[in-house]
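Written below as structure tokens is the structure these notes are about.
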Protein chains: 2
Amino acid sequence: MTSSNKSTKKNTAQQKHPRYVDCDNCSMQAICQPIGSDNQSIDLTKNYLTRRVEVSTEQSSSQPLNQSTGATLFEQARPLTAIFAVCSGTFKLCQRNDEGIERVVGFRFPGELMGEDALFLEAYNYSAVALGDNSVCEVLVDSLSACSQLAPELQQNLIQLLTKQSYEQQQNSQAIIGKKSADCLLAAFLLNICQRNAKHSGNETEIELTISRQDIACFLGMRRETLSRLLSKFQYEQLISLNGRQLTLLSINHLKQLANQ
Amino acid sequence: MTSSNKSTKKNTAQQKHPRYVDCDNCSMQAICQPIGSDNQSIDLTKNYLTRRVEVSTEQSSSQPLNQSTGATLFEQARPLTAIFAVCSGTFKLCQRNDEGIERVVGFRFPGELMGEDALFLEAYNYSAVALGDNSVCEVLVDSLSACSQLAPELQQNLIQLLTKQSYEQQQNSQAIIGKKSADCLLAAFLLNICQRNAKHSGNETEIELTISRQDIACFLGMRRETLSRLLSKFQYEQLISLNGRQLTLLSINHLKQLANQ
DNA sequence: ATCTTTTATTGATCTACATCAAATTTAAAC
DNA sequence: GTTTAAATTTGATGTAGATCAATAAAAGAT
């Protein structure tokens with residue numbers, strides 16, 4: 001099985017300038033925009049919000065998963081002090097179960113939230129690891145809580161945000177679990193990440209895969225060998241093309257057909 | 001392979017009097033108890049709450065899944081007017097995807113909520129079908145919303161409720177997805193439902209399985225033949241015993257060991 | 001009660017994926 | 001640049017679970 005494009009070298013088209021997501025396309029928006037209860041408006045950045053905090057790969061406190069180091073934004077079971085929105089880059093979310101076995105439970109792209117599902121609970125449900133040099137917006141929970149008691153509008157927005165978020169999470173995981181075969185699963189996954197990535201990149205057919213094969217395989221519950229074979233097969237079948245880290249969906253229709261089995 | 005207890009007949013120990021869950025053990029509690037903002041308390045039942053609405057098997061509007069009829073409490077995609085807590089009995093939740101393929105996406109036991117994950121969104125995410133003669137408590141969303149604007153206490157409770165709920169949902173689905181083998185999956189499932197059922201029954205080792213094999217298999221993403229074989233194997237290995245619909249976990253430790261693989 | 005229909009169990013076979021192993025490519029270190 | 005290590009791809013083989021098919025047991029109907 002010979003894949004079409006293999007000879008291309010020097011295709012690590014490193015984007016020097018990371019693209020930050022627009023606030024308009026961010027899930028945090030509901031609680032990040034200036035809130036004016038009638039005439040008295042609250043300056044959010046003076047209260048609970050810090051924009052564009054860099055999370056670079058250097059200082060990694062611990063290795064959350066066997067391989068691939070990366071900056072850990074927060075760790076599972078630690079007290080929840082803040083929730084985050086991804087500004088640029090990709091994060092992976094890892095969860096350790098009772099028996100100490102770790103799994104990749106999700107990925108987050110620009111404009112998506114992290115930690116919000118444990119808001120007002122004691123601790124983070126999972127660890128968040130930056131895949132590369134990323135940035136986030138940070139919302140301090142205590143300050144947010146204090147503010148929301150002043151502004152009922154904010155509280156209403158918060159409920160909406162949590163509901164929508166929980167809904168989308170459910171949709172995303174629904175799209176993954178219970179697929180008939182690994183083909184379908186992978187097709188669904190590729191469509192899912194490209195669609196989510198498009199919210200800020202604007203391109204639904206291309207994505208720069210900062211996620212390693214190992215992490216993808218772990219998330220999808222298959223072996224990396226299987227994933228590798230499937231990617232080769234998809235390339236052979238002209239469903240996708242892979243140039244280094246650049247993934248292009250060549251036939252979204254066929255992929256959708258495959259995914260819905 | 002001969003299962004230990006097969007000869008027992010007439011073991012359909014029908015519980016004439018369905019056990020209703022205590023309000024203390026119900027997830028709806030946060031918004032169902034009388035709320036007193038200082039001295040002016042709101043009478044909930046006069047506003048948005050109706051307790052113990054019967055949902056009997058008779059009048060089924062449509063067959064949500066290929067087999068097993070049952071009263072449909074609400075249907076996917078219909079406007080969300082109310083959220084529910086199970087009082088007695090078991091419900092199954094079905095979801096149809098874009099391609100029209102239906103799946104069982106969950107079950108609800110007494111004290112658990114339904115529809116709450118779409119609160120303040122347009123429509124229900126799934127259909128809810130009663131497995132037998134059940135009952136629910138109903139909370140009307142419009143009235144709840146109106147009330148919550150009067151009582152900030154209620155709104156705070158609502159946020160807590162939604163967060164906890166979303167967390168538990170995630171935990172439940174995490175316990176299921178990505179298991180190595182069907183054995184582990186089934187072990188995890190049996191432990192999960194017994195544990196959830198124990199919240200109102202008080203017995204963590206026994207449960208009356210109102211759910212059909214087909215529905216369980218569909219939920220777990222396996223064929224009913226496979227499920228049947230596994231149940232037989234579990235009985236042979238003295239992990240469980242099955243008397244009609246009565247399931248008993250004989251060795252919770254072994255099951256847990258199996259589930260965490 | 002008997003008859004019919006549905007639901008559940010067991011058997012035989014076949015395939016998708018895991019597993020073990022080796023080669024190859026890519027990235028990091030020097 | 002070269003060397004080393006890590007990540008990815010490809011190959012060979014075995015097994016878990018799907019699929020097809022046939023009973024067997026409940027549940028309803030009469």
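For the numbers below, each heavy atom of this structure counts, side chains included, while hydrogens, waters and symmetry mates do not. So you know, we letter chains A, B, ... as the sequences are listed, proteins then strands, and number each from 1.
Judged purely by distance below 3.5 Å, without hydrogens or angles, the side chains of B:Thr72 and B:Ser127 never pair a donor atom with an acceptor atom. At a cut-off of 3.5 Å, with distance as the only test, no side-chain donor of A:Ser241 or A:Asn243 sits close to an acceptor on the other residue. For the residue pair A:Gln195 and A:Glu204, no side-chain donor N or O sits within less than 3.5 Å of a side-chain acceptor on the partner. A donor-acceptor contact closer than 3.5 angstrom links the side chains of B:Ser135 and B:Ser88.
Cation-pi check for A:Arg103 over A:Phe219 is not met; the charged atom does not lie both under 6.0 angstrom from the ring centroid and within 45 degrees of its normal.
Distance B:Gln214 CD to D:dA18 P: 12 Å, rounded to the nearest Å. For the pair B:Gln235 CD and C:dA8 C1', the interatomic distance rounds to 12 Å; values are reported in whole Å. Distance CG (A:Leu230) to P (D:dT9): 11 Å, rounded to an integer number of Å. Distance A:Leu186 CG to C:dC17 C1': 14 Å, rounded to the nearest Å. Atom-to-atom, CG of A:Leu131 to C1' of C:dA27 comes out at 16 Å; the value is rounded to the nearest Å. For the pair A:Leu185 CG and C:dA16 C1', the computed distance is 13 Å after rounding to whole Å. The distance from atom CG of A:Leu242 to atom P of C:dT25 is 16 Å, rounded to the nearest whole Å. Between the CZ atom of B:Arg213 and the P atom of D:dA27 there is a distance of 11 Å, rounded to whole Å.
Proximity of a side-chain donor or acceptor of B:Thr248 to a complementary backbone N or O of B:Leu250 within less than 3.5 Å is not detected. Without hydrogens or angle criteria, A:Arg108 side chain to A:Leu113 main chain gives a donor-acceptor distance under 3.5 Å. B:Gln76 contributes a side-chain N or O that, together with a main-chain N or O of B:Arg96, makes up a donor-acceptor pair within less than 3.5 Å.
Taking only side-chain atoms of B:Ser212, from C-beta outward, the nucleotide of D:dT8, C:dA8, D:dT10 with the closest atom is C:dA8. Of the candidates C:dA8, D:dT10, C:dC17, C:dA8 carries the atom nearest the B:Ser228 side chain, counting heavy atoms from C-beta on.
Residue contacts for A:Ser181: at a heavy-atom cut-off of 4.0 Å it reaches the sugar-phosphate backbone alone, with no base atom in range.
Remark: aromatic rings of A:Phe74 and A:Phe84 are close, center separation under 6.0 Å.
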**Study point:** Per-nucleotide protein contact string for nucleotides 18-24 of chain C (B base, S sugar-phosphate only, - none; heavy atom under 4.0 Å)
**Key:** SBB----
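Between B:Arg224 and C:dT9, a side-chain N or O to OP1/OP2 separation shorter than 4.0 Å is absent.
Rounded to 10°, the helix from C:dA1-D:dT30 to C:dC30-D:dG1 has 50° between the axis fitted to its first five pairs and the one fitted to its last five.
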